[in-house]
Amino acid sequence: MAANNRRMSGKKGAQVGSGGKRRRGLEGKGPTPPAEMRKGHVKQRVAAAKARRAQSRTPQRRGAGRSTSELVVGRNPVVEALREGVPASTLYVQQFIDNDERVREALQLAAERGGINLMEAPRPELDRMTNGLNHQGLVLQVPPYEYAHPEDLLDAAAEEGGDPLVVALDGVTDPRNLGAVVRSVSAFGGHGVIVPERRSAGMTAGAWKTSAGAAARTPVARATNLTRTLEAYKKAGLTVVGLAADGEVELGELDALAGPVAIVVGSEGKGLSRLVGETCDVRVRIPMPGGAESLNAGVAAGIVLYEAARRR
C-alpha cells in the first residue's frame with residue numbers, strides 16, 4: 001500500500017479529467033416546451049400571427065409598404081368604381097354641375113356606402129387635381145392600398161391549419177390581370193398573391209374592379225426582391241412551381257400541387273424571368289390541344305389553382 005501511495009504521489013502537474021462535462025451531460029434538460037414555443041411548429045406560427053395582430057402591426061411597419069393614392073376621373077369610371085366597391089375616401093363634385101343620371105347615381109352610391117367624404121370644388125381646382133384630364137365634374141379619390149408582407153400569407157395558412165397556396169406574379173404589368181388572379185385565388189381557396197415592388201402591376205382601381213370584390217378578402221403582398229422571397233418560401237417548405245410553355249412536367253402529373261406550393265406566373269409575352277425561372281423547383285406546362293401559344297396570367301393562374309384545389 002505504501003508503494004502504491006509513493007507511485008501516486010510521484011505524479012506532477014494537473015490531472016486530465018472531463019471537467020465536469022460528463023456529469024453535466026447526465027443532467028436533465030428540463031420539460032419539453034409547449035408547441036407554441038417550439039420554433040417551426042404550426043402552433044408557434046399561429047401564436048406569432050396572433051401576437052402581431054394584437055400589437056396592431058400594420059403591413060407598412062413590416063416593410064411591405066403601400067401604394068400612392070389614386071384618382072378615378074370621369075362620370076362613367078367613377079360610377080363603375082363605386083358599383084364595384086372600389087375603396088374610396090372622397091368624391092369631388094364640380095360646383096354647378098349638370099345633374100344627369102350618372103351624377104345622381106354616383107352621389108347615391110357614395111351616400112349608401114358611407115365613409116366617403118363629399119366635397120364640392122370649382123372646375124379650376126378639379127382641373128388642377130387631374131392635370132387637365134376630362135373629369136366631367138366627378139373625381140373619386142382612392143386611398144393608398146396597404147400591401148401585406150409575404151410572411152403574412154404563410155401565417156394565414158397556418159391559422160387555417162392547411163398547406164399554403166399562393167400565387168406570385170413575375171413581370172405582369174396589367175392591373176386587370178392582377179385583379180383576375182386575385183379573384184381566382186379567392187375562388188379556389190388560396191392564401192394570397194405576391195407582386196414585385198418594381199416593374200409590376202399594383203392594386204389600382206382597375207385591379208379592384210376586375211377582382212369583383214375579391215380584393216377585399218384576399219391579401220396582396222409586395223416583395224422587394226421576388227427571387228429572395230421565393231427562396232425564403234422554399235426554406236419554409238413550399239414547392240415553387242413556375243408556369244412555362246416548355247415546362248418539363250405536365251400539369252396533370254404534378255403531385256406537388258397537393259401540398260404547400262407557390263405558383264409563379266410570368267408575363268404573357270416574355271414568360272418567367274431568368275432568375276425566377278432558375279429559382280423554381282419545377283416548371284410545369286398547361287396542355288393546350290387547341291394550339292394556342294400562351295395564356296394570359298389570369299387564365300393560366302385560374303387553371304393551375306383549380307387543379308390544386310381539386311387535389312386538396
Side-chain angles (χ1 to χ4, degrees), residues 33-64 85 87 145-169 178-195 203 207-208 211-223 226 229-243 251 254-265 280-282 284 298 300-312:
E36 291 80 1
M37 298 180 63
R38 279 181 255 162
K39 186 176 181 181
H41 197 282
V42 172
K43 290 188 176 181
Q44 189 271 338
R45 296 187 66 89
V46 173
K50 289 181 178 179
R52 281 194 293 270
R53 285 197 304 274
Q55 297 171 2
S56 300
R57 177 177 285 184
T58 64
Q60 174 69 16
R61 286 200 288 223
R62 291 193 66 175
Y145 180 81
E146 292 190 353
Y147 290 92
H149 190 279
E151 290 182 5
D152 293 336
L153 310 188
L154 303 187
D155 293 340
E159 288 183 351
E160 294 179 4
D163 290 325
L165 174 60
V166 300
V167 174
L169 300 183
L178 171 57
V181 171
V182 170
R183 187 174 184 178
S184 295
V185 168
S186 177
F188 294 112
H191 299 101
V193 180
I194 306 168
V195 296
M203 283 305 298
W208 269 95
S211 76
R217 55 184 180 273
T218 301
V220 176
R222 190 160 64 178
L226 183 59
T229 297
L230 295 176
E231 291 284 3
Y233 274 11
K234 291 168 70 172
K235 292 179 181 178
L238 278 70
T239 301
V240 177
V241 176
L243 302 189
L251 179 60
L254 188 62
D255 295 332
L257 291 177
V261 65
I263 302 163
V264 189
V265 183
C280 295
D281 294 304
V282 61
V284 64
I303 293 172
V304 181
L305 285 165
Y306 166 77
E307 180 66 16
R310 187 184 69 82
R311 290 171 174 263
R312 290 169 179 240

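The first residue in the sequence is number 1, and the count goes up from there.
Across all their heavy atoms, M203 and Y147 have their closest contact at N-OH, 3.1 Å. In plain terms, the two heavy atoms of H191 and V166 that are nearest each other are CB-CG1, 4.3 Å. Across all their heavy atoms, G192 and V185 have their closest contact at N-CG1, 3.7 Å. Pairing each heavy atom of G298 with each of A180, the nearest pair is CA-CB, 4.1 Å. Here the closest heavy-atom approach between residue A168 and residue L226 is recorded as CB-CD1, 4.1 Å.
Side-chain contact between L243 and V284: present, with at least one pair of heavy atoms (C-beta onward) separated by less than 4.5 Å. Counting only heavy atoms from C-beta outward, the side chains of I263 and L165 approach each other to under 4.5 Å. By the 4.5 Å heavy-atom criterion applied to side chains, V261 and R312 are counted as neighbours. In this structure, V181 and V265 have side chains that are not in contact, with every pair of non-hydrogen atoms separated by 4.5 Å or more.
Distance alone, capped at 3.5 Å, places no donor-acceptor pair between the S186 side chain and the R183 backbone. Between the side chain of Y145 and the backbone N or O of V220, at least one donor-acceptor pair lies under 3.5 Å. Put simply, the side chain of Y233 gets close to the backbone of P150: a donor and an acceptor are under 3.5 Å apart.
Residue H149 holds its NE2 atom at 7.5 Å from OG1 of T229, rounded to the nearest 0.5 Å. In this structure, CG in L251 is found 8.0 Å from CD1 in I303, a value given to the nearest 0.5 Å. Rounded to the nearest 0.5 angstrom, L305 CG and L257 CG are separated by 9.0 Å.
Residues that satisfy the side-chain contact (heavy atoms from CB on, under 4.5 Å) test with P164, not counting sequence neighbours, are L154, A157, L238, P260. Every residue meeting the side chain to side chain donor-acceptor pair (under 3.5 Å) condition with R311, not counting sequence neighbours, appears here in chain and number order: D255, E307.
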